[in-house]
There are 2 protein chains.
Amino acid sequence: MRGTQDEIVSTPAVFEEHGRPTLKEIARIARVNISTVSRAINDSPLLPRDTKDMILAIAEKMNYFPNSLARGLVSQKSETLGIILPKIFFLQGPFFSQVLSGIERISVKHGFSILIASATSKTADRHFPFNLTRARRIDGMLIINENRRIRNLNALKQERVPFVLVNRFIEDTNAPCVAADDIGGGRMAAEHLLRLGHRRIGVVTGSHRVAATTDRVAGYRQALTAFDVPFDKNLLEAGLFQQGVETGARCADRLLSRATRPTAIFALSDELAMGVMQAAKERGLRVPEDLAVVGYDNVTFSAHLSPPLTTIAQNPYAIGATACQMLVDMLEGRTPDQANVLIPVRLVVRDSCGSQSAQGTAQQEGEDA
Amino acid sequence: MRGTQDEIVSTPAVFEEHGRPTLKEIARIARVNISTVSRAINDSPLLPRDTKDMILAIAEKMNYFPNSLARGLVSQKSETLGIILPKIFFLQGPFFSQVLSGIERISVKHGFSILIASATSKTADRHFPFNLTRARRIDGMLIINENRRIRNLNALKQERVPFVLVNRFIEDTNAPCVAADDIGGGRMAAEHLLRLGHRRIGVVTGSHRVAATTDRVAGYRQALTAFDVPFDKNLLEAGLFQQGVETGARCADRLLSRATRPTAIFALSDELAMGVMQAAKERGLRVPEDLAVVGYDNVTFSAHLSPPLTTIAQNPYAIGATACQMLVDMLEGRTPDQANVLIPVRLVVRDSCGSQSAQGTAQQEGEDA
DNA sequence: TTGTACGCGTTATCAT
DNA sequence: ATGATAACGCGTACAA
């Protein structure tokens, strides 16, 4: 019951007496100077083995930990990364959690802590997020922002604080970023349907203010162009990512009540796709026979819908990890080889578009990133 | 395009020249002593209006921000809360995100930053999470741990660091905690089925190492006892929360292939319930006619399954917010009126158990916490 | 090899 | 009403 290490380790509360131990305290006990202790703690090559060991033993016994505030004051570093979130950040799905997980993994590996900060209400600090760097709380920032336009990017650059844009892709060497290949994802989904012979492909989107919508639609249009299919903006219906199933169903309803209804629908999230399938069912349309459906995200349940949903899988963990690695590299003086990186997505073919050989060009699973 | 405030505010980069401004720098320019500036910044009542205004104007213009490291060094506080996560924290669902959201909201309101920290691999710091408090990085901690047993709770208490256990309920005035009422939730789900006349109620659980499983099962057993129905441990099948749908289906399969199969199944998550419904369908069993199903969590898609899933809704945002409020209270010297608080859950009745008046006692929606 | 002394930016306690 | 100065805990150039 004590064996595993997923847990808090016990600790002698030695410091009960005089508060937490400091270098001075240790120096007093070890009968050496403070700086000698400091050197021992920092494993300075100047000190001989024995002195070092002697001091380290005492420090260990006293449960000493360097005060990182004092250290930071001297070094002008906090060894902390800030994750900057928009005021209303949609943490609904598992996406953000996975990104965070990737960030966390890399940051601990390099000894950085992470501070989570979201824009507060307007009454609060209007200097956000620069208050954090100006107050020396963080050394760099990972900016998570789903908006299509990054406002005041210039201010960001001027501040001269290392940052990485997470999940927002822009082609700007001065603005490092890591994002999923939303354009590629949109294209792959559309191509899949086009190859199966579909020509009227409806799209159920999220808000056009978020980049996920505009980029994926852009990819969809690329595919259309490649197949010489004219773009018809009446085939687009905008729902809300936050209310995926409801709005997905509503949008699908509108699409399916058109005079010439689409033979396929590309939904920009699996939840939207779920709504689409539901709406189709209610109209007596069979998926995939009467309507092919493609989703986006490959969330856990999508494999278990009936029929199992063909979808685009992203890699949020890799996004977080890569972004964090880039930031750490910058902070440690290395230059990342790429400033703007795209994390590939992949098409997961299941049953919601029918057998691939049924219509159109037969083909297996070649279209991965 | 500049009007909204969801974004980064622009900032004159005045400090380009001499690094970031400090009290000393401002004092030099204002031709006053450092301590005068300090008083102005901290709005000391000793200073007359005009001096204060004069200094503040300069500070503002120079874009001054107090160095929180230096402040912390003096005040012995970091104004930072730590969120402690287990090594492998299942962030799959939206649950954690919502808890985090609640924490974040309250903490910014009180001027605290939040530091995210998960237990690292065993090679790293074996003092986790006390390294954080000992290094003065955080003033208190919110401990998120899904395990049934909290190991070394004593070490935690001995460390004399303010903490709150999040989503783990224990009856211990010395260990403040905030959690969802899992026992109540289990009971409510089972009662619902019992009222509808079911007597053989299968349970698809998660791992028995996590409290969510044991507590909800405990509640289920309470309901059984209240209805004089003997507990049959063969009606329990353990799946995995992380692989909800798959293991849910597998467990349901085992349950449904029993000689006398259950007439209802209580799944401890909506994903598990989804798997249960799928398994039922594959056996040609109709839900709810042949099998009633209750889920847990009320995730977004559960309202849109066919049939819509009856489930237990938790309130993760409230859990986070309440826990954080308690911690802040402790840090600011207030004593929370309750040390161990239970956040109520509620039964959301949909169609997966059939009409309530169909069998058993008719009743409306009285059983909320 | 080890000690001395100063500075990091701030607050607080003295004076004046 | 304001200034000088000593902490806070640590790192480090310089001395010894």
Side-chain angles (χ1 to χ4, degrees), chain A residues 15 18-56 58-59 62-79 131-139, chain B residues 15 18-56 58-59 62-80 111 131-139:
Chain A
F15 42 77
H18 311 102
R20 302 192 139 76
T22 66
L23 287 189
K24 194 198 286 181
E25 189 74 359
I26 296 177
R28 196 177 56 76
I29 297 187
R31 308 185 142 275
V32 293
N33 189 276
I34 290 195
S35 29
T36 306
V37 181
S38 175
R39 291 189 185 100
I41 298 292
N42 294 319
D43 199 28
S44 159
L46 301 176
L47 250 52
R49 268 257 144 276
D50 48 354
T51 329
K52 202 182 290 185
D53 289 348
M54 178 270 262
I55 295 177
L56 253 28
I58 296 182
M62 297 185 67
N63 235 310
Y64 170 80
F65 268 78
N67 182 320
S68 63
L69 270 46
R71 270 196 171 167
L73 195 55
V74 175
S75 67
Q76 302 284 34
K77 283 175 191 133
S78 61
E79 303 281 285
N131 52 338
L132 296 172
T133 59
R134 301 221 184 99
R136 299 271 157 192
R137 298 200 66 104
I138 60 178
D139 295 341
Chain B
F15 42 77
H18 311 101
R20 301 192 140 74
T22 66
L23 287 188
K24 194 197 286 180
E25 189 73 359
I26 295 176
R28 197 178 55 76
I29 297 185
R31 307 183 143 276
V32 292
N33 189 277
I34 291 197
S35 19
T36 306
V37 181
S38 176
R39 291 190 186 102
I41 299 292
N42 293 319
D43 199 29
S44 158
L46 300 177
L47 250 53
R49 269 255 145 277
D50 50 351
T51 330
K52 202 182 288 183
D53 289 347
M54 178 271 257
I55 295 176
L56 253 28
I58 297 181
M62 297 183 69
N63 234 311
Y64 170 79
F65 267 77
N67 182 321
S68 62
L69 270 46
R71 272 196 169 167
L73 193 54
V74 176
S75 68
Q76 302 284 33
K77 284 177 191 132
S78 61
E79 303 281 286
T80 303
N131 52 337
L132 296 173
T133 59
R134 304 225 258 258
R136 298 271 154 192
R137 298 201 66 104
I138 59 178
D139 295 340

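Both backbone and side-chain heavy atoms feed into the values below; hydrogens, waters and symmetry mates do not. Residue numbers begin at 1 in each chain, while the letters A, B, ... track the order of the sequences. The shown structure was predicted, so the numbers you read here are calculated from the model rather than taken from an experiment.
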Sugar-phosphate, base or nothing in reach of [X], heavy atoms under 4.0 Å:
{"X": "T51(A)", "answer": "sugar-phosphate"}
{"X": "R136(B)", "answer": "nothing"}
{"X": "S38(A)", "answer": "base"}

Taking distance alone, no hydrogens or angles, what donor-acceptor pairs closer than 3.5 Å link side-chain atoms of residues 37-45 of chain B to residues at least two apart or in another chain?
from	atom 1	to	atom 2	distance (Å)
N42(B)	OD1	R71(B)	NH2	3.1
N42(B)	ND2	S38(B)	O	3.2
D43(B)	OD1	K52(B)	NZ	3.0
S44(B)	OG	L46(B)	N	3.1

Ignoring hydrogens and angles, answer whether the base of dA4(D) and the side-chain atoms of S35(B) contain a donor-acceptor pair closer than 3.5 Å.
-> yes
Kindly indicate whether the side chain of R20(A) and the base of dG9(D) share any N or O donor-acceptor pair separated by less than 3.5 Å?
-> no
Taking T133(A) for the side chain and I138(A) for the main chain, is one N or O donor matched with an acceptor at less than 3.5 Å?
-> no
Measure the shortest side-chain to side-chain distance between T22(A) and N67(A) over non-hydrogen atoms and say whether it is less than 4.5 angstrom.
-> no
Is there a side-chain contact between I55(A) and T36(A), using heavy atoms and a 4.5 Å cut-off?
-> yes
Closer than 4.0 Å, any side-chain N/O of [X] to the OP1 or OP2 of [N]?
{"X": "R39(B)", "N": "dA1(D)", "value": "no"}
{"X": "N67(B)", "N": "dC8(C)", "value": "no"}
{"X": "K24(B)", "N": "dC8(C)", "value": "yes"}

Of all the choices, [options], which nucleotide is nearest to the side chain of [X] once you look at every atom?
{"X": "V32(A)", "options": "dG3(C), dA1(D), dG9(C)", "answer": "dG3(C)"}
{"X": "Q76(B)", "options": "dT10(C), dC8(D), dT11(C)", "answer": "dC8(D)"}
{"X": "L23(A)", "options": "dG9(D), dG11(D), dT1(C)", "answer": "dG11(D)"}
{"X": "Y64(A)", "options": "dT10(C), dT2(D), dC10(D)", "answer": "dC10(D)"}
{"X": "N33(B)", "options": "dT11(C), dG3(D), dT2(C)", "answer": "dG3(D)"}
{"X": "T36(A)", "options": "dG3(C), dG9(D), dG3(D)", "answer": "dG3(C)"}

